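Have a look at the structure below, then the notes.
Note that these values count all heavy atoms, side chains included, but never hydrogens, waters or copies made by symmetry. Keep in mind that what you see is a predicted model, and the values were worked out from it rather than measured. Convention: sequence-line order gives letters A, B, ...; per-chain numbering from 1.
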Amino acid sequence: MLVRGEIGPVNGALQPVSRHPVALALAFAQRYSCAMLTYAAKRLGLALLVALAVSVIAFTLLHVSSDVAAAIAGEAATAADIEFIRKAYGFDRPLIVQYFDWLGRTLTGDLGQSLYYKKDVADIVLSKLPVTLILGAISLAFAVLLSIPLGVLAAVYPNTWIDRLALFLAVIGQALPSFWFALVLIMLFSLTLRWLPVSGSDSWAHFVMPAIALGYYAAPAFMRLTRAGMMDVLSADFVRTARAKGLSPTSVVFKHALRNAIIPVMALAAVQLGFMLGGSIVIETVFALDGLGYLAWQSIRHNDFPVTQAIVLLLSVVYIGLTLLADLLNGWLDPRIRVQ
Amino acid sequence: MATVPLTEIGALDIALTPGPGALLRRRVFGHAGLMVGLAILAAMFFLAFAAPLLAPHDPYDQDLARRLIPPIWHERGTWIHPFGTDGLGRDYLSRLIYGSQISLLIGFAVMAISGVIGLLLGISAGYFGGKVDMAVTFLVTTRLSMPVVLVALAVVALLGGSLTVVILVLGLLKWDRFAVVIRGATMQVRALDYVAAAEAAGASNLRILFAEILPNIMNHLIVVATLEMASAILLEAALSFLGLGVQPPLPSWGLMIAEAKSYMFFSFWLIAIPGVALSLLVLAINLVGDGIRDVTAPENRA
């Protein structure tokens with residue numbers, strides 16, 4: 001009620017408003033955390049529904065497009081063998097029954113057995129996850145550290161050679177195929193200069209080239225968004241005020257402008273990390289980096305579909321979680337988004 | 001009588017202001033990126049269509065006695081094979097020229113399939129709103145949360161790699177950006193007066209969608225189409241590079257790079273040449289897309 005009075009007269013009557021700062025802050029928190037909670041609950045519900053839809057698609061894709069029993073039986077199997085496996089694994093039951101059975105087991109962490117490694121899928125997948133997460137984190141850091149300074153420079157000096165150079169790098173960056181760029185890096189840094197190892201995942205040096213190859217592809221998007229956001233903010237009134245107060249240009253650009261322009265970039269970072277985990281399959285295969293992406297490629301080559309299915313599901317769930325995080329971050333930092 | 005000089009002044013005024021066509025031409029020809037992109041793209045089309053006339057050799061002709069001949073800028077290069085030969089002794093220039101057909105075919109076919117799906121979803125979500133919009137947004141979110149490369153690889157592996165399978169799989173996967181952009185553009189156009197006027201005149205939904213809204217979101221559609229075409233070409237190259245896309249002996253540029261990997265140490269041109277061709281094509285398409293967006297953006301209209 002306090003805040004309603006603050007915003008304006010309700011029911012035509014001016015309500016008495018406590019001007020005490022603590023009371024105001026409390027009322028403010030109540031009002032906005034409530035909106036934030038509703039917003040968060042809605043987003044969470046949507047994320048769960050999407051995850052469910054993804055699980056249906058991942059399940060159906062596999063069971064409709066291939067004969068799973070024949071794949072398990074192997075190439076030398078007879079028709080009777082395949083029939084036996086179909087009964088033993090329960091593939092003769094209706095698809096919907098199989099789906100709920102599979103979903104139930106997946107939710108309790110039982111992802112089945114790998115056909116190729118003859119081990120628990122959950123164990124294999126979890127053992128490879130750290131490498132991919134480290135690669136994603138380093139790539140993201142590389143992309144952000146490269147693109148945000150460039151984007152800020154391009155926005156502070158629009159239509160100069162710096163701006164043109166940044167745009168040129170972005171246009172070129174988006175055109176290079178990531179696997180080819182990775183090979184060029186190998187030829188340059190491993191074969192010619194002999195600075196970095198070609199493949200493997202034993203030391204930090206093994207992550208340098210994969211991170212560059214994966215990160216540079218995300219950099220143009222960050223750069224464009226930083227530049228556009230900074231251009232908007234730099235022409236805003238509060239920045240003009242800050243300048244008029246006589247603050248130093250550095251303080252205006254970094255303390256006042258970048259802080260506001262960075263919000264959408266942070267949200268994009270969460271989404272881009274999801275894309276990077278998905279794109280890591282190409283890069284990890286080129287460098288034989290022993291993570292989830294390389295495992296996915298091997299499982300596809302070996303027809304090891306329980307592993308493939310688990311990785312598709314895991315990467316989708318991680319992506320859903322990251323977009324949820326981005327939405328909540330945006331909603332928390334920018335109250336206007338919550339009411340839409 | 002007093003109206004005569006007025007019309008004359010008016011006519012003079014019209015003669016001095018360039019018409020909309022002239023303005024558009026001035027913007028198009030004044031845009032360096034767009035012109036460079038169009039020039040490269042035109043050259044690629046020429047290569048693809050005139051491949052049988054331009055290619056000096058049969059791209060599938062193997063000759064193990066003539067394998068790994070270096071390109072012409074190398075001291076041991078010959079004019080018989082200007083870009084050298086690959087590990088099976090096939091003429092690299094001929095394979096490169098025929099490869100442009102595959103990349104362009106993939107680009108256009110995937111763009112067409114995903115464009116139709118995305119356009120139908122996006123335009124109905126933006127126009128009807130409400131439950132339709134919710135359903136489409138849910139579909140898009142679901143599609144976006146599945147990793148494209150991984151799903152495409154898995155499905156191609158299950159169905160067996162071929163040009164048709166790759167086109168269909170990518171076409172059925174890559175409609176998300178179309179749907180998102182078209183939905184937004186349709187929502188903006190839908191709120192304009194001429195749509196309300198068409199509704200008041202009793203036009204059917206279909207008529208409003210295709211006669212009033214579609215022509216006015218065309219520029220957005222074309223820009224997304226170019227971006228998606230570029231991305232489809234890169235994806236096909238990546239799939240073929242990983243061995244789960246177009247199959248040998250077809251001269252897909254991605255496949256050529258994969259085959260060249262074993263000769264990386266001594267014959268690096270085998271990797272460099274198709275990679276540069278791929279980058280040039282994607283760069284050209286992106287430049288054209290960016291150019292069209294700049295030229296048709298309302299804030300740039302004179």
task = Calculate, to the nearest 0.5 Å, the distance between atoms CG and CG belonging to A/Leu176 and B/Leu283 respectively.
result = 8.5 Å
key: Portion of A/Ile311 that has a non-hydrogen atom of chain B nearer than 4.5 angstrom   = both
message = I'd like to know which of B/Ala272, B/Ala284, B/Gly33, B/Ala157 tops the heavy-atom pair count under 4.5 Å against chain A.
response = B/Ala272
message = Using heavy-atom distances under 4.5 Å, tell me whether A/Leu49 contacts chain B through its side chain, its backbone, both, or neither.
response = both
query = Got a donor-acceptor contact below 3.5 angstrom from the B/Ser145 side chain to the A/Ser316 backbone?
reply = no
ask   = What's the shortest heavy-atom distance between B/Leu242 and A/Trp297, and which atoms?
value = O-NE1, 3.1 Å
key: B/Thr141 vs A/Ile320, side chain to side chain contact (heavy atoms under 4.5 Å, CB included): CA-CA, chis, key distance, verdict   = CA-CA 9 Å; B/Thr141 320; A/Ile320 294 168; over 6 Å; no
task = Flag the pair B/Phe241 / A/Val286 as yes when at least one side-chain heavy-atom distance between them is below 4.5 Å, and no otherwise.
result = yes
task = May I ask you to check whether over 12 heavy atoms, not counting those of B/Phe268, lie within 6.0 Å of atom CZ?
result = no
request  = For chain A, find which of B/Ala238, B/Ser231, B/Pro274 contributes the most heavy-atom pairs closer than 4.5 angstrom.
outcome  = B/Ala238
query = Donor-acceptor pair, A/Trp180 side chain versus B/Ile257 backbone, under 3.5 Å?
reply = no
Contacts of type side-chain contact (heavy atoms from CB on, under 4.5 Å), residue B/Ile273, not counting sequence neighbours = B/Trp73, B/Phe83, B/Tyr92, B/Leu96, B/Trp269
inquiry  = I need the minimum non-hydrogen distance between B/Leu144 and A/Tyr319, along with the two atoms involved.
reply    = O-CE2, 3.4 Å
task = Using a cut-off of under 4.5 Å on heavy-atom pairs, state which of B/Leu281, B/Leu139, B/Val276, B/Ile233 scores highest against chain A.
result = B/Val276
remark   = Assert top hit (heavy-atom pairs under 4.5 Å, partner chain A, pool B/Val151, B/Val148, B/Leu153) equals B/Leu153
key: Partner set under side-chain contact (heavy atoms from CB on, under 4.5 Å) for A/Ala53, not counting sequence neighbours   = B/Phe138, B/Thr142
remark   = Heavy atoms of A/Pro177 and B/Ser279 approach each other most closely as CD-OG, 3.4 Å
key: Nearest non-hydrogen partners of B/Met146 and A/Val54, listed with the distance   = CG-CG2, 4.0 Å
remark   = Residues B/Asp290 and A/Arg224: closest non-hydrogen pair is OD2-NH2, 3.7 Å
query = By a 4.5 Å heavy-atom criterion (distance strictly below it), what part of B/Val156 contacts chain A: side chain, backbone, both, or neither?
reply = neither
inquiry  = So which atom in A/Leu315 and which in B/Pro147 form the shortest heavy-atom distance, rounded to 0.1 Å?
reply    = CB-CG, 3.9 Å
task = Examine whether an atom of B/Ala237 lies under 4.5 Å from a heavy atom of chain A, and if so say whether it belongs to the side chain, the backbone or both; otherwise answer neither.
result = both
